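Throughout, numbering of the chain's residues begins at 1 and tracks the sequence. Counting starts at 1 for both ligands and their atoms, in listed order. Note that the coordinates shown come from a computational prediction; the quantities given were computed from them, not determined experimentally.
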Amino acid sequence: MSDKIAFQADVSKMLDIVINSLYSEKQIFLRELISNASDACDKLRYLALTNPDIAKASGEFKIILKPDEKENTLTVSDNGIGMNKQDLIDHLGTIAKSGTADFVKNASDNGSICELIGQFGVGFYSAFMVADKVEIVTKKAGEDQAWKWVSNGIDGFEITETNKDVNGTDIKLFLKKDEKNYVDTIYLRQIVRTYSDHIDYKIVLDLDKVGEEVINKGSALWARNKAEITKDQYKDFYQHISHNFDDPWLTLHFKAEGNLEYTGLLFVPQKAPYDLFQPDKKNSFKLYINKVFISDKIEQLMPNYLRFVKGVVDSADLPLNISREMLQNSPLMEKIKNGTVSRLLKELKKKAKNYDDYIEFWKNFGIVLKEGIYEDIKNREEIAEISYFYSTNDNEKLTSLDEYIARCDKDQKAIYYITGDDIAVLRNNPQLEAFKQKGIEVLLMNEPIDEFWPQVLPNFKGYAIKHISQADVDMTWKRAEKKADEGSLEKLCEFMSELLKNEVGKVTSTEKLTTSPVSLTVEGGQMSLHLERLMKNHQQQTAFASTRILELNPYHPLIIKLSDMVMSENNKAKVEEIAKVLLDQSKVAEGEPISDPSFYAEKISSYILNSLS
Ligand code: ADP
Ligand code: MG
């Protein structure tokens, strides 16, 4: 009996891209198949920990490559876990990972395709870059029935019952006519050494007349001596576990000694992955116990704010025969995590000494790392220390908090910041005018997390971290400019407060402004306007909207003129109109939406016209 099954639409689309656009680096298909074979052995080895019988038939785990020059085929075999019919349908006919379909649709036919492979589990399908037919014979460990899966990589696949002695999977590639080099043993040896040398199982070349020849080192890379590992070997291993195609930005290989011994091999990628911000993004840090792969789903191993870190930890001191769930809650896990995180943060601190290099990293992963200031009670200060911010001190360069402190006046006791949606808009926020006047530097922050971390880190090295709306700095200075008359100014504030009462809590005069006539702010200590906008965007009801305050600059000619005008009843309509336009203008400067854009646009046009005539 045979079942013909069509590929899911996404798979067809992806296969089409994979087969037709991926001209360079075709040989990586072998890395993908070997990687799957190695995963399959890992899975069975793990099951055998609690059920030794299940792997009895396997004998020693190994991966076999068998080229056949006459047939022009290459078979990749393993004696790992194998697949049953449902596994074949689920894993080799669909794309399981969320978001993949969209990404495939959007991927242009350039470099990004390369990164697509693997990140989405396109891994297996890459076989169709070199083969026009793939035949899989597989038997799942612990089951009796074997299955054959055949496909041309175009419309679908066919599954039939078959026979196979030992559990595991044979993947036979019927190579395309112009892909004959994959039966060339010299070439095969070279590809394996390049891409798969670190695989922890023997990779064997099976040649009819010569017999079996082991062609890789066959030992876990992290367990080897640091001095014997080349940069390229680290890179290949990084690419293997991360499915990335870049060089690692940071490689950290260490051995922790003491009561609890473990080895860590960690990498930070050079580029951010497409799904860094997907809420279901889990870190894929791998846990091994004495070189046996245990899990890449142990959340305790890497905190969420380090979800971009790739790598493994291996400890012989963890109990092998307990469940993943029990491990998850083991205090040893916590210890490994703490040790690993603090080593990594130390390493990042070292890297931060080279600004240009570090900023590349920061621009990719800074937003995520900053979550750690909020989440990680223990390492909060350390993370803040390696965090960088835009600032009024420099238009391009980012600054660390330490550098800020080193620059500020000796009487200054706080680090000031302002939040908003956009750095360029923030730079011109009228609320900064007094700080500029007084020569006080202000950090510019535009990410959602920036609204939260200062709440849990109110102090840094003896300096309070304060939003400028809470600054207790004397904002007055000796001014020579003409100022609006006190009485009329008061009248103007009253008049505007009443007129705009649905939009702002009050209208007041301020000494803080220099060039802007007006500015919008909130009552000290209340939620910032930026945070309010963020909450609104996420459909969060804000039970307590902040009290908005419209501040007037009594030194600005426009305000002086307006306070003169407000004294005469005849001007009422004109003053009303201008007051509304000024409110809109303050919103624009803050990045708030205007309630009636057409009113604003129309008034501005007519003012321009008047100025031209
Ligand atoms: P990924 O390895 O990222 O999951 P692949 O496309 O490489 O994506 O493989 C898809 C799935 O097919 C694997 O997760 C695994 O469940 C199954 N698979 C592939 N090759 C093998 C194999 N040799 N033995 C057992 N299962 C396999
Ligand atoms: Mg794979």
Side-chain angles (χ1 to χ4, degrees), residues 5 7-8 10-12 14-15 17-19 22 28-47 54-55 57-58 61-66 74-101 103-104 115-129 131 134-143 146-149 151 153 157 159 164 166-173 195-196 199 201 203-204 239-245 273-275 281-282 284 286 293 295-297 310:
I5 302 174
F7 281 127
Q8 213 188 34
D10 295 345
V11 176
S12 293
M14 186 181 63
L15 272 165
I17 296 176
V18 167
I19 296 166
L22 213 72
I28 59 120
F29 84 89
L30 191 57
R31 172 184 90 174
E32 295 301 326
L33 296 187
I34 290 176
S35 162
N36 286 348
S38 160
D39 290 348
C41 295
D42 275 348
K43 284 178 195 157
L44 186 56
R45 188 160 66 171
Y46 176 76
L47 284 183
I54 199 166
S58 287
F61 288 116
K62 59 182 172 184
I63 298 160
I64 301 174
L65 308 183
K66 193 171 168 55
L74 173 67
T75 305
V76 180
S77 303
D78 66 72
N79 52 356
I81 184 123
M83 286 175 274
N84 60 23
K85 187 176 179 185
Q86 198 56 45
D87 291 336
L88 285 167
I89 293 170
D90 290 347
H91 301 315
L92 304 183
T94 54
I95 305 179
K97 285 171 199 155
S98 62
T100 310
F103 197 86
V104 169
E115 285 151 36
L116 193 105
I117 290 228
Q119 269 206 40
F120 301 103
V122 198
F124 165 75
Y125 299 112
S126 63
F128 289 103
M129 291 193 295
V134 176
E135 188 181 286
I136 301 176
V137 172
T138 180
K139 190 166 93 171
K140 190 158 187 168
E143 297 184 12
W147 299 94
K148 184 151 117 183
W149 179 103
S151 172
F157 52 91
I159 298 183
K164 186 180 189 309
V166 185
N167 57 272
T169 304
D170 304 331
I171 299 184
K172 187 170 187 176
L173 311 180
Y195 293 107
S196 310
I199 294 281
Y201 303 99
I203 301 174
V204 166
Q239 295 190 339
H240 163 70
I241 55 163
S242 67
H243 294 298
N244 288 347
F245 285 77
Y274 75 101
D275 60 349
K281 161 98 177 159
K282 292 274 183 293
S284 55
K286 291 174 197 268
F293 171 73
S295 173
D296 55 6
K297 298 191 175 56
K310 307 284 175 181

Would you indicate which of I81, I34, N167, N36 comes nearest to atom 2 (O) of ligand 1 when only heavy atoms are counted?
N36
Subset of ligand 1 atoms that lie under 4.0 Å from at least one heavy atom of L92:
12 (O)
The Mg ion (ligand 2) and N36: any N/O/S contact shorter than 2.8 Å?
yes
If you compare all heavy atoms of G82 against all heavy atoms of T169, which two are closest, and at what distance to 0.1 Å?
CA-OG1, 3.6 Å
Whether the side chain of Y46 engages the backbone of C41 through a donor-acceptor N/O pair (distance < 3.5 Å, no angle test) should be reported.
no
Going by the atom numbers of ligand 1, which of them fall below 4.0 Å from some non-hydrogen atom of F124?
5 (P), 6 (O), 7 (O)
Classify the ring geometry between F7 and W149 as parallel (under 30°), tilted (30 to 60°) or perpendicular (over 60°).
tilted
Hey, looking at atom 18 (N) of ligand 1, which of E32, M83, K43 has the closest heavy atom?
M83
Which option wins on minimum heavy-atom distance to atom 23 (N) of ligand 1: D87, D78, V76?
D78
Between N79 (side chain only) and G168 (backbone N and O only), is there a donor and an acceptor less than 3.5 Å apart?
no
Would you say N36 and I171 make side-chain contact, with heavy atoms under 4.5 Å?
no
